[in-house]
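Read the structure below first, then the notes.
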Amino acid sequence: MKKKIIHISSLLLVISMLNVSDIKAQDRKDSLVNVAFGQVDKEDVIGAVSTVNIADLMEKSYSTYSLDAIQSMVGGYTGTIWGQGALILVDGIPRSQWTLHSTQVESVTILKDASSVALYGSKGAKGVVLITTKRGIEQPLSINVRANTGFYVPKTYPTYLNAAEYMTYYNEACRNDGITERYSQSTIYNTITGTNPYRYPDVDFYSSDYLKKAYNKTDVIGELSGGNKHARYYSNFGMTYENDLVKYGEKKEDNTLTFRLRSNIDMNLTNWLTASADAAIVIANGYYGDGDFWGQAATLRPNWFSPLIPVDMIDTNNSSLQAMVGNSRHLIDGKYLLGGLSTNQTNAFADMLAGGYTKARNRTFQFNVCVGADLGSILKGLSFKTAFSVDYADYYSEVWSEAYAVYEPTWTTVNGKDMISGLTKYNVDKPSTNESIGTTNYTQTMSFRAQFDYKRTFAHNHNVSGTLMGWGYQQQYSRSDDTDEAGSDYHRISNVNMGLQAGYNYQQKYYVDFTGALVHSAKLPSKNRTAFSPTFTVGWRLSNEDFFKDNVSFVDDLKLTASYGKLHQDLDISDYYLYKTKYNTQSSYFQWKDGGQGGWFSGIERSGNAELSFVEREDFRIGLNTSLLDGLVSLDANYFIQNTNGLLTQGASTTYPSFYSSLLPYINYNKDKRTGVDFSLNLKKKMGEVDATLGFSGMYISTEAVRRDEAYQETYQNRAGRALDSYWGYICEGFFQDQDDINNHASQTFGTVQPGDLKYKDVNNDGIIDTKDQVDLGHNGWSVAPFSYGINLTLKWKNFTFFALGTGQSGAIGFKDSSYYWVRGSSKYSDIVKGAWTEATKETATYPRLTTTDNSNNFRNSTFWMYKTDRFDLKRIQITYDFPKFMFNNSFVNALSVYCNADDLLTISKEREHMEMNVGSSPQCRFFNVGAKVSF
């Protein structure tokens, strides 16, 4: 018995030591933040840098993609950084986030200001997202398995008029235009009764005949990790299966099956030399039946034709018709021919039933190696690291495509029964004997980096760090198909730069940092291809000052930072050789401004500019980081001013005379400005047995087009001085009520105007409504709304965890300008037309008069179609239960968690119905999921 007690005690001691080691490793890992080409202690970050531990987040918020929840936790990030598109790096390499599963990710870091992104050169000048994948740690073998299954449930579908309603309202449009009604009352009546839906069709794309109520997504993921002081390893492997909503024809088989494998190993080869290797494979196979179902759901009128022609209603005594039936290769279910018209010789229904399918094949392979050396024997604190990567991604499709015939029936009534007495055939059935290759594309990315790092503390108080690095990558894309997009890019996407970072802090109280990069661009003339991008940052931990600590006890930590930088970039230079004169194969004629005779010049399409240079980002920022009341409150905030100088234009309005015509060269002229505040506020409080955490992050941003190459006749139309995302349109003054109203109003130049059409304000009072009457109506929020925000809430009680996150925005506008609202000619009618203007409804109308023409007067951006895009979205809620540890004391299972979650549950907005509705594409969905995670 005594020996058993000793053995148990020894085992418990070992387990305790292992747990302590794991905790220390985790604490160390959590205290480090990934920054450009390295890591720094969290308390020493002085740039605009925010980080989210995805591995921890996944314990309470399961998701598929690693950037799903970032806006709810990081101020300044909305898919863009400070309103601009960011460079995404996975383990320091330009890679797509879509090749990753969230279970593979350790953390995401958002680098916002110039000083934080400078080392990445030109391509990182608009912000950088660093995604860091998981790696093994020194511990015994650990196995995690996670399984999930859930259903996507459509939020809403567009509501269109049924066939009888459509014909009734189209007749109204005919009357408005003074032409004969197209549809007879008997046709409308027979359609309503539904006695013969093949002769009087009423096609509803959104019925249960074609759509499921929900579709499924399932995934299973396994993780292996462990190691010792010599080597650590990590591996993640998984599968995801997803099908689709449409259940008709070949599209009922639509699905995507994805396999992922990502592994890495870190090795200590000697006491001074380390190495690592990473490999990842993604194999995705998709099967998609032919047919643009969602596109035609928004365009194909419900009464236009019947998708199916019943053969039992074809005249049995007509041998030619029966021969047509017998010779058809596409007799659906032995009962139907494919329907169509001369104007619809192919259609979504026939495509789904007879058109074929596409098998999509995506293959991604990623490999990188890294070698590190501790050079402390040469100079204490010195180290070296170099890495190389190569990625291959290819896509190809295997297509089975068949040509098919469709038939337009001629109906007669015999002895009171409907009969098909004639068939008009369009196209012919052409069988296909094999699959063919449809589209192929291929992308190769190679990257290389090398860096010397120096980090050392002198006299316990003086902390010095430095990095000298070089980094570059190239990406080449090629495509092959039967479109104009086929071929390879002549120039690869490239970035190469050298960088220097030098930092110093005294007692982690006073900080100073210089970071700069020498950038290169082949898009510019040879003398301007190289530039230096310097940045400077200072920081002051005020809370470490004696006078502060002695008098402000409720402040745990308070740090003030400031940075300035000037980055050179070619991201806003759209192509190569813009600095060169461009010639075409045809000569062009020029006319002198004074009216004198011009002449032909030798095929110059664009003049060159040997002085074309980099676009500059000039950045100033002030930051605040603080923690209050023993960690109850924490705040990270930044105020920034960002000027973008030297954006390209051709000087047509301000620099060169107009008679230069197509001779105009590109010049660095336009200027943009962005000013804003971002913040992340977190509250942590224990209330009885409940641990609560509430996070609120957001950004307010103001933009301005400081300078533009423009010369508008009306000064109020100048873009300079306006927001970068200004939406321009007309001020609508209601409907024209009668002909006198039209006669007494300024002349509108957008086609024939009748009572019931929209009336626009004559802004410049010239008696004419034209483009000069467009005004700035507000922000469109194309990159980011003026105010964006996110919230997250965690409540922990015993073994239960509740988590919720949401995002919102305000201050922007949009226009209801899809085909659902802008009903042109004989387009499909949505229920919005029920409010159309007529003489009887002129006082209550909510929609312009109906017309059989395109009516360009009504369908243009104006305040009539404008709406506010203010919204709040409840993006996710999840409830997790962690089974008590003691349940697994005598088991090979170490831990078990189960959870249920729901995504995209709720939108709060005055325009919710519009915002949740997709037109011409698959619907927005809520996602309901259950899952479990078990650890061994």
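All heavy atoms count here, side chains included; hydrogens, waters and symmetry mates do not.
Using a distance-only test at 3.5 Å, with no hydrogens or angles considered, no donor-acceptor pair links the side chain of Gln84 to the main chain of Ile81. Counting only distance, with no hydrogens or angles, the side chain of Thr869 and the backbone of Ala812 share a donor-acceptor pair below 3.5 Å. With hydrogens and angles ignored, the 3.5 Å screen pairs no side-chain donor or acceptor of Lys123 with any backbone N or O of Pro94. Distance alone, capped at 3.5 Å, places no donor-acceptor pair between the Ser116 side chain and the Gly47 backbone.
Atom-to-atom distance recorded for Thr535:OG1 and Asp619:CG is 9.0 Å, nearest 0.5 angstrom. For the atom pair CG (Asn901) and OG (Ser63), the distance works out to 9.0 Å, reported to the nearest 0.5 Å. Atom CG of Asp91 and atom OG1 of Thr132 lie 6.0 Å apart (nearest 0.5 Å). Atom CD1 in Ile93 sits 12.5 Å away from atom OH in Tyr473 (nearest 0.5 Å). Taking NZ of Lys796 as the reference point, atom CG of Asp691 lies at 7.5 Å (rounded to 0.5 Å). In this structure, CG in Asn216 is found 12.0 Å from CG in Asp244, a value given to the nearest 0.5 Å.
Scanning for ring pair (Phe, Tyr, Trp, His ring centres under 6.0 Å) contacts around Phe37 gives Tyr120, Trp471, with sequence neighbours left out. Ser235 meets the side-chain hydrogen bond (donor to acceptor under 3.5 Å, both in side chains) test with Ser263; sequence neighbours excluded. The side-chain contact (heavy atoms from CB on, under 4.5 Å) test applied to Asn918 returns Ser921, Gln924, not counting sequence neighbours. For Lys134, the side-chain contact (heavy atoms from CB on, under 4.5 Å) test picks out Ala55, Glu106, Glu223, Tyr234, with sequence neighbours left out. Remark: Tyr233 engages no residue in a side-chain hydrogen bond (donor to acceptor under 3.5 Å, both in side chains) (not counting sequence neighbours). Under the ring pair (Phe, Tyr, Trp, His ring centres under 6.0 Å) criterion, Trp82 pairs with Phe640, not counting sequence neighbours. Every residue was checked against the ring pair (Phe, Tyr, Trp, His ring centres under 6.0 Å) condition with Tyr700, not counting sequence neighbours, and none meets it. By the side-chain contact (heavy atoms from CB on, under 4.5 Å) test, Ile143 is found to be paired with Leu141, Val145, Leu224, Phe936, residues two or more places apart in sequence or in another chain being considered. Not counting sequence neighbours, the partners of Phe787 by the ring pair (Phe, Tyr, Trp, His ring centres under 6.0 Å) test are Tyr789. Residues passing the side-chain contact (heavy atoms from CB on, under 4.5 Å) test with Ser122, sequence neighbours excluded: Asn495, Gln569, Asp570.
Among Val74, Val128, Asp678, the one residue that satisfies the side-chain contact (heavy atoms from CB on, under 4.5 Å) test with Ile110 is Val74. Applying side-chain contact (heavy atoms from CB on, under 4.5 Å) to Asp903 and the options Arg876, Gln878, Lys875 leaves one that passes, Arg876. Each of Arg617, Arg621, Lys126 was compared with Asp113 under the salt bridge (charged side-chain N to carboxylate O under 4.0 Å, His left out) criterion, and only Arg621 meets it. Considering Thr907, Asp873, Asp904 in turn, Thr907 is the only one that fulfils the side-chain contact (heavy atoms from CB on, under 4.5 Å) rule with Glu916.
Identified under the ring pair (Phe, Tyr, Trp, His ring centres under 6.0 Å) test for residues 128-148, with sequence neighbours left out: none. Contacts classified as salt bridge (charged side-chain N to carboxylate O under 4.0 Å, His left out) and involving residues 95-104 (residues at least two apart or in different chains) are given here: Arg95-Asp391.
Within the 6.0 Å centre-distance limit, the rings of Tyr152 and Phe927 are counted as a close aromatic pair. The distance between the ring centers of Phe802 and Phe800 does not fall below 6.0 angstrom.
In this structure, Met915 and Arg871 have side chains that are in contact, with non-hydrogen atoms separated by less than 4.5 Å. Two residues are said to be in side-chain contact when any heavy atoms from C-beta on lie closer than 4.5 Å; Arg260 and Thr240 meet this criterion.
Of all heavy-atom pairs between Gln809 and Ala785, the closest is CB-CB, 3.8 Å.
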Go through the steps for Tyr396 and Tyr442 under the test ring pair (Phe, Tyr, Trp, His ring centres under 6.0 Å), then give the verdict. CA-CA 9 Å; Tyr396 68 94; Tyr442 168 83; over 10 Å; no
